[in-house]
Every structure is written in structure tokens, then in C-alpha cells.
Participant: 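What follows is a single structure, and I will ask about it in a moment.
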Number of protein chains: 2
Amino acid sequence: MFSKACEYAIRATIYIAVQSNQDNRVGLKDISKEIDSPEAFTAKILQQLSKNNIINSIKGPNGGFEIDKKDMSKINLSQIVMAIDGDTIYKGCGLGFKQCSEKQPCPVHDKFKVVRDELKHMLETTNVLELSVGLKKGLTFLHR
Amino acid sequence: MFSKACEYAIRATIYIAVQSNQDNRVGLKDISKEIDSPEAFTAKILQQLSKNNIINSIKGPNGGFEIDKKDMSKINLSQIVMAIDGDTIYKGCGLGFKQCSEKQPCPVHDKFKVVRDELKHMLETTNVLELSVGLKKGLTFLHR
DNA sequence: ATAATAAAAGATAAATTTGTCTTTTATTTT
DNA sequence: AAAATAAAAGACAAATTTATCTTTTATTAT
């Protein structure tokens, strides 16, 4: 559904949120271990998240990544997906036609629209705070 | 959402269905031109569709591809997606975890399940006949 | 039977995504 | 100020997906 990069981005953001909620700043090594992702690749993804103001990065000793507590409920999955994968998941035609539109719809246009709208709504209404709470409570998991 | 291969597979199947409904057997060249796809790559995809009994292929002069009229309402999008992309779209975890399950869910498990079930239902209930009818009627389009 | 046609099969090649390694920059501690 | 730390940036490499080209096989028409 999403790219690997996007999957790691969501995992990382949730993990950073859990830690930030406990006032723990976390480093790359810790993150990639906890979310079970390749370290160097994860570094690149964290850079993108930082550039898109989804997470904060701090260099130097005791540096790492964190999310402002007050922002957590405002960061939703949609923002993360948009930052990493762009808007293809929303805009793109189900059959890959660039010219597909309401006026000139592909054969699956309407059928896909229903699913896509549902996905969009889900991504826009799911925030990082709620996801981190489930994880913190031990109801959900980020690794094997 | 789907791979390019899968997009071409769906396009091709719908186009072949429209033609088969008018008792026209169609060749690779015609198909790839009509659905705006790379010819050689499309050939590979048609082979897979044929192996999965979604379309019939006939070699030699006046050969080509066709779909039995009686099968058209039985072929749904789910079968095409399964034949080309496998069951990852159904089984796969939204965050890419192999161990993700109801018992050990990832943070987005339940949220994704709703969307995935909707997608699955749509793919399983949309058949090639209805899609080809819309195209035939000029309500939908397969190229620019 | 032979030639022509069209898909199947196999071998490659290009493009993209995923992943790694090295050097640079910013920050903190000593 | 110097050393240590940790992320940023850049160059590279591996893997996967997408796409192409050539040869083989099956079928039909002459």
C-alpha cells in the first residue's frame, strides 16, 4: 500500500512520539533498532520527516529526535504519507492514467474513489498521539 | 496502490472483454496501443493472465487474446490483482510487519483493516463484464 | 510441406526503490 | 579551544520492478 520508506516513517514517528511523551529524546540507533528498520536508510527518512516539520532533530551530544508534546495530536498519518510518498495515493488513478478525472473517468474510477476517500479520511483523522498511546499501553506493537 | 504490471493487467482484461463481447479476438499490438502500455511488457502480463485462466490466448495467424462471454461476469478485479500482485494487498500489514496479527497488532492494524476490507470487498464484487459495459457505452475511458 | 503469423519463453537492460558507507556540519562537554 | 557526539549531506551499491529484444513454439493459410 505504501512504500517501505513510508512504512518506516510511520513506525519511527510513532516510536519517537511515545518516547517524547516521556520526555525521552531518542537517537537513530535506538529508533532503527526499536522499529526494526535499516539504520542508514532510516536516517534518510528521518531527515525528510524533519524537513517537513513532523519531527525535530537535534545535533551533537545528547542530540536525537523528538516531537513537541503539543503537536502530537495535530500530526496525522496523512501528513507523514504526504511527506514521504507525496500525494499519489490521493491523486493517482487506480489504473495509472494521468488524464483520469470525473469528466473522463477510467472504468474503475468511481469504485476506487470510494475506497480512496475512505483511506484518505482514515489517514487524516488518525493522529500520532492516539497511536502512541496504544503502543505505550501495550495494546499494540512495533517489532517482533 | 497496485503495481504497474497490475494496472496494465486490469486495463488489458477490460479491453479484451469489450472486444470479446463483440466477438473480436485481439492481438498484443492492438491491446498495448489501446490501453497505452509498453508492448513487450504487456506481453509478459498477458502470459500471466493466460496462465491464471483469466484470458485465453491463441497462437498463430488470426490468433490473439479473448475471454469467454460466459466467464466475464465471473472474473472480478480481485482475481486479476491476485494473479499479478499476489495476496499482499490483503494479507500485508500496513506498516510492513510480518508478525502483525489480531493478537499482536501494529499501531495502525485496526484502522487499516477497515480500509483494506472495503478495498477487498470492492475488488471481489466488481466484475469485468460491468466494467466493459461502461467502456463500451462511452461512459468510461482507457486512454488519453 | 512451406511460409507466414502470433504468442511463449528466455535473456538482457533501464529505471526506481531500498539500503550502505563516508565525509561534513552543528552542538556539547571537557 | 579541543575532543567527542550525533545528525546532515553526498556518493555509491544492491535489489526489485519495469521494460526490451531475440529465439522458440504452435497454428494457420498457401
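Quick note on labels: first sequence line is chain A, next is B, and so on, each numbered from 1. Source: prediction; values computed, not measured.
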Participant: Roughly, in whole Å, what's the span from CD1 in A:Ile84 to P in C:dT16?
Facilitator: 19 Å

Participant: Taking only heavy atoms on the protein side, list every residue of residues 59-68 of chain B lying under 4.0 Å from any atom of DNA chain D, sorted numerically.
Facilitator: B:Lys59, B:Gly60, B:Pro61, B:Asn62

Participant: Do the side chain of B:Arg11 and the main chain of B:Leu142 share a donor and acceptor less than 3.5 angstrom apart?
Facilitator: no

Participant: Determine whether the side chains of A:His109 and A:Glu102 contain a donor N or O and an acceptor N or O closer than 3.5 Å.
Facilitator: yes

Participant: Taking CG from A:Asp30 and C1' from D:dA6, how many angstroms apart are they, rounded to a whole number?
Facilitator: 13 Å

Participant: Over how many whole Å does the gap from B:Asp36 atom CG to D:dT18 atom P extend?
Facilitator: 16 Å

Participant: Expressed in angstrom and rounded to an integer, what is the separation of A:Asp85 atom CG from C:dT16 atom C1'?
Facilitator: 13 Å

Participant: Taking everything shown except A:Lys113 itself, do over 12 heavy atoms lie less than 6.0 Å from its NZ?
Facilitator: no

Participant: Considering non-hydrogen atoms only, spot the tightest contact between A:Val115 and B:Glu118 and give its length.
Facilitator: CG2-CG, 4.0 Å

Participant: Hey, does A:Leu46 reach any base, or is it just sugar-phosphate, or nothing, if we go heavy atoms under 4.0 Å?
Facilitator: nothing

Participant: Counting just side-chain N and O atoms, does A:Ser57 come under 4.0 Å of either OP1 or OP2 of D:dA8?
Facilitator: yes

Participant: Do B:Phe41 and B:Phe2 share a hydrophobic cluster, counting only Ile, Leu, Val, Met, Phe, Trp and Tyr and linking them when any side-chain heavy atoms are less than 4.5 Å apart?
Facilitator: yes

Participant: Between the protein and nucleotides 17-19 of chain C, list every N/O to N/O distance that falls short of 3.5 Å.
Facilitator:
| residue | atom | partner | partner atom | Å |
| --- | --- | --- | --- | --- |
| C:dT18 | OP1 | A:Lys4 | N | 2.9 |
| C:dG19 | OP2 | A:Tyr8 | OH | 3.2 |

Participant: What integer distance in Å separates B:Leu49:CG from C:dA8:P?
Facilitator: 10 Å

Participant: Indicate yes or no for a side-chain donor-acceptor contact from B:Ser50 to the backbone of B:Leu46 under 3.5 Å, with no hydrogens or angles considered.
Facilitator: no

Participant: Under 4.5 Å between side-chain heavy atoms, hopping through other hydrophobics if needed: is there a path connecting B:Met1 to A:Met122?
Facilitator: yes

Participant: Given atom CD of A:Gln47 and atom P of D:dA7, what is their separation to the nearest angstrom?
Facilitator: 10 Å

Participant: Atom CD1 of B:Ile55 and atom P of C:dA6: how far apart are they, to the nearest Å?
Facilitator: 16 Å

Participant: Separation of B:Arg25 atom CZ from D:dA26 atom P, in whole Å?
Facilitator: 18 Å

Participant: For A:Gln19 and A:Ile16, indicate whether the former's side chain and the latter's backbone hold a donor-acceptor pair under 3.5 Å.
Facilitator: no

Participant: Do B:Phe97 and A:Phe141 sit in the same hydrophobic cluster, where Ile, Leu, Val, Met, Phe, Trp and Tyr count as joined when their side-chain heavy atoms come under 4.5 Å apart?
Facilitator: no

